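Note sheet for the following structure.
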Protein chains: 2
Amino acid sequence: MPRGPVPNVVIRRLPLYLQTLERIAETGQQMVSSTELGNRIGVSSAQIRKDLSYFGEFGRQGLGYEVGNLRHQLKRILQLDQVWHILLVGAGALGHALANYRAFEEQDFAIVAVLDNDETKIGQPIGDLTIEPMANMERAVNENHVEIAILAVPARAAQSVADDLIATGVRSILCYAPITLSVPEHVHVAYVDPVTTLQTMTYYL
Amino acid sequence: MPRGPVPNVVIRRLPLYLQTLERIAETGQQMVSSTELGNRIGVSSAQIRKDLSYFGEFGRQGLGYEVGNLRHQLKRILQLDQVWHILLVGAGALGHALANYRAFEEQDFAIVAVLDNDETKIGQPIGDLTIEPMANMERAVNENHVEIAILAVPARAAQSVADDLIATGVRSILCYAPITLSVPEHVHVAYVDPVTTLQTMTYYL
DNA sequence: GTGTGTGAAACTGTTCACAGCT
DNA sequence: AGCTGTGAACAGTTTCACACAC
């Protein structure tokens, strides 16, 4: 579908374009220019046009982009025109916050099972689900067609749980632990640890 | 202190080096080579040597880097040789998880106050603190010498709260909302929204 | 006039490869 | 032998500037 190889940084920007388009769509605005979109996000108009040009020609010269169409195209490109099933591992404070976070379902992500290794937590309700033992991992992944896992366990457990997840077929992991996972080539990991992020911000203070 | 301009990506990697060094230090290992460090993190040895060379010469030819010294140098470069005071805004499920997250204090970050605009939450305990009204923002920032804020409020409130934070003198914001904040030049924002991150991962599936 | 799409140019970041030290 | 520090080569990314369309 893309014309030529798409830089990684481009993919990271597309969700920002999508979010901003959804905010613009709510106001009823029909058309948007790369300049307006860029100003709202803090990138140049040329960058937006170049990024989009990797996937096609979505705009009209002199007019800009049709908001609804561009939003639709971006959802298609990012494969967000379907619901993705997510397995959440770790039912601590963070796990509970994630299980109750409404933005997932609003954006077509569904947490379909929650696992923890703490005996006292198993069977307890969490969001609309029930906490299950780690031994249920393979069944939870296969029965629900899970391809993405969220890792909300302590750092010392993260690598071992990641290994198990990958063995069951999970190909994408969102990791909250402050640790670099070692994973095979075909697995994608993204890190969202706040401490690591804070540690970069202090440099600039 | 740095020799010449330091690329942003380099700063983002330094915390990974630091975390890995701390894990190595726990084993009692004295020296580490750029090759070993790189293998554990998944970057090339040349990258590590080049990154460190922006700040000085910390290694010894033929031997590698002294673990404790390199750890100390990185903490100094990232200004992590002090405790940073953080203001948490938003006492929902995520705010509670953050207020109870032990890794902050272990890594020399201290949440010193928590604000929320929900009348029913004000006065309630959260972690070791008490939830305060938004009106206390300026006092909380000034009395505690806060320079970093964590924004754990709904997306629709994020920009307005960010504006208030910046007006009180906050220069760094860690934002959990799926929105691009518009801020003046001198303010740094980092985004840790899981939905935005998941939206990039689905591209590769 | 406004605004897109795109090669070319400029800039930024990574890897190579090797001198020099242990 | 093993390893660092670094200029030079290479690769990746952003910006420029302009033809073309509304």
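Lettering of chains follows the sequences in order, A, B, ..., and the numbering in each one begins at 1. Quick caveat, the model's predicted, so the values are computed rather than measured.
Residue B:Tyr65 places no side-chain N or O under 4.0 Å from the OP1 or OP2 atom of D:dG2. Taking only side-chain nitrogens and oxygens, B:Arg49 never comes nearer than 4.0 Å to OP1 or OP2 of C:dC16. In this model, the phosphate group of C:dT4 is approached by a side-chain N or O of A:Ser34 to a distance below 4.0 Å at OP1 or OP2.
In this model, a side-chain donor or acceptor of A:Gln61 finds a partner on the base of D:dC20 within 3.5 Å.
Relative orientation of the A:Phe109 and A:Phe104 rings is perpendicular, given thresholds of 30° and 60° on the angle between their planes.
Taking atom CG of residue B:Asn39 and atom P of nucleotide D:dC3, one finds them 11 Å apart after rounding to whole Å. One interatomic measurement links the two molecules: CD of A:Gln73 to C1' of C:dT4, which rounds to 15 Å at whole-angstrom precision. Rounded to whole Å, the distance from CD1 on A:Ile11 to P on D:dG12 is 15 Å. Note: CD1 (B:Ile48) to C1' (C:dG13) measures 16 Å, nearest angstrom. Atom CD of B:Gln47 is separated from atom C1' of D:dC10 by 14 Å (rounded to the nearest Å).
Sequence order on DNA chain D of the closest nucleotides to A:Ser44 and A:Gly62 puts A:Ser44 first from the 5' end. Projected onto DNA chain C by closest heavy-atom contact, B:Tyr54 and B:Arg60 fall at different nucleotides, the more 5' of which corresponds to B:Tyr54. Both B:Leu52 and A:Val10 lie near DNA chain D, and the one whose nearest nucleotide falls closer to the 5' end is B:Leu52.
Looking at the side chain of B:Val9, the nearest of the listed nucleotides C:dT4, C:dT14, D:dT15 is C:dT14. Ranking C:dC16, C:dT14, D:dT14 by closeness to the B:Ala46 side chain, first place goes to C:dC16. Here C:dT22 is the nucleotide among D:dT14, C:dT22, C:dT6 with the atom lying nearest to any side-chain atom of B:Leu63. Comparing atom distances between the A:Ser33 side chain and each of C:dT4, D:dT4, D:dT6 picks out C:dT4 as nearest.
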**Request:** In sequence, state the C-alpha distance, the side-chain angles, and the governing distance for A:Val10 and B:Tyr203, and then conclude on side chain to side chain contact (heavy atoms under 4.5 Å, CB included).
**Result:** CA-CA 11 Å; A:Val10 173; B:Tyr203 176 83; over 6 Å; no
**Item:** Audit row: A:Ile173, A:His188, side chain to side chain contact (heavy atoms under 4.5 Å, CB included) steps and yes/no
**Value:** CA-CA 6 Å; A:Ile173 296 174; A:His188 271 263; over 6 Å; no
**Message:** Would B:Arg40 and B:Thr20 count as a side chain to side chain donor-acceptor pair (under 3.5 Å) here? Give the steps.
**Reply:** CA-CA 8 Å; B:Arg40 294 185 62 141; B:Thr20 307; 5.7 Å; no
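Contacts of A:Thr35 with the nucleic acid, taken as non-hydrogen atoms under 4.0 Å apart, are absent.
Between the side chain of B:His85 and the backbone N or O of B:Val112, no donor-acceptor pair lies under 3.5 Å.
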